[in-house]
Amino acid sequence: MTAPVDLVTTRDEWRCRLDDARSAGKQVGLVPTMGSLHAGHLSLIRRAAAEVDVVAVTDYVNPLQFGEAQDLAAYPRDVPADRKLAAEAGAGLLFAPSVEEMWPEPGATTVSVSGIAGDWEGAARPGHFDGVATIVAKLFSLSGPSWAYFGEKDWQQLAVIRRMTADLSLPVAIVGCPTVRDPDGLALSSRNARLTPAERAVAPKLYWSLLAGKRAIEDDHVEEPAEVVARISARLAEEPLFTLEYAAAVDPESLETPAQFSREVRLLIAARLGRTRLIDNVAVTVPAPDEEP
Ligand code: PAF
């Protein structure tokens, strides 16, 4: 059995351990998480382990990115289980500081990315991306990674982090990794644990609705973003347990709805299923004119 990964709980020790690794000529890969590791996180750790010398995983439920105190309180936490899982996937170190350790006094600095952070999740959860960008910038500063790994499941988050890293010339390469799904299509998320059995049974319909949008573009050659969104929304509306928050067909980098599709499109969706809010997205490549019938 693999021994649990080394647990670090203070910023000073974390910085020292990673400084030592870099001084020994090792390259550090960072996998920022909020813990409750599932197969999606483990795929990021495995990818990092295949590419870098030291995989540094952070396990910190970041209060700055939660709007509702209830949502923060309900967020699952299990550091002992995370230590074992992270080690099995190839992590070298796990950083699980307390909020007081991260912020000995309330922070006065916010990293705020405008434009791509404004719509979709940004509009549904005001302040969310400021909280994400601020903590990710702080984790980069504490960890000094050459690479940092994030899941594509949170597509807009990935775009915001890429933009922040480019704008601030942070010396880290951002690696986006494919969404991991259950066999029925549901994207893995720590929030799935909150679904009732009845909700879990219908939850994959979120993904299936996105696939209806993908088929509209790829097979039916729908060219209007609004029509694609209508198809996604109609498909989700067939399941009464869901309440749609938004569906969108956007440019994958700017996150804007184009007047006309270019070659690559990202379909986004967010919906409530009982007490749980779920998001998902898929990539679509628009058929070239000579691929059309
Ligand atoms: O995706 C997450 O788990 C979080 O948003 C992140 C990137 C670890 C920042 O807290």
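When a ligand or atom number is given, it counts from 1 through the structure's own listing order.
Within a 6.0 Å sphere centred on CZ of Arg275, heavy atoms belonging to other residues, nucleotides or ligands number 12 at most.
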What do the steps show when you test Met164 against Phe140 for side-chain contact (heavy atoms from CB on, under 4.5 Å), and what is the final call?
-> CA-CA 12 Å; Met164 170 192 79; Phe140 284 176; 4.2 Å; yes
Starting from the C-alpha separation in whole Å, work towards a yes-or-no answer on side chain to side chain donor-acceptor pair (under 3.5 Å) for Thr285 and Glu264.
-> CA-CA 5 Å; Thr285 302; Glu264 301 300 329; 3.1 Å; yes
Between Asp130 and Ser112, is a side chain to side chain donor-acceptor pair (under 3.5 Å) present by the stated rule, with each step listed?
-> CA-CA 5 Å; Asp130 285 0; Ser112 191; 2.8 Å; yes
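Here the protein heavy atom with the shortest distance to atom 5 (O) of ligand 1 is Gln157 OE1, 2.7 Å. Of the protein's non-hydrogen atoms, Gln65 OE1, 2.6 Å is the one closest to atom 10 (O) of ligand 1.
Within ligand 1, counting atoms from 1 as listed, the ones closer than 4.0 Å to a heavy atom of Thr33 are 8 (C). Atoms of ligand 1 lying under 4.0 Å from at least one heavy atom of Ile135, given by number and element, are 9 (C), 10 (O). Each of the atoms 8 (C) of ligand 1 lies under 4.0 Å from some heavy atom of Pro32.
With a heavy-atom cut-off of 4.0 Å, Thr58 does not touch ligand 1 at all.
The distance between the ring centers of Tyr60 and Phe95 does not fall below 6.0 angstrom.
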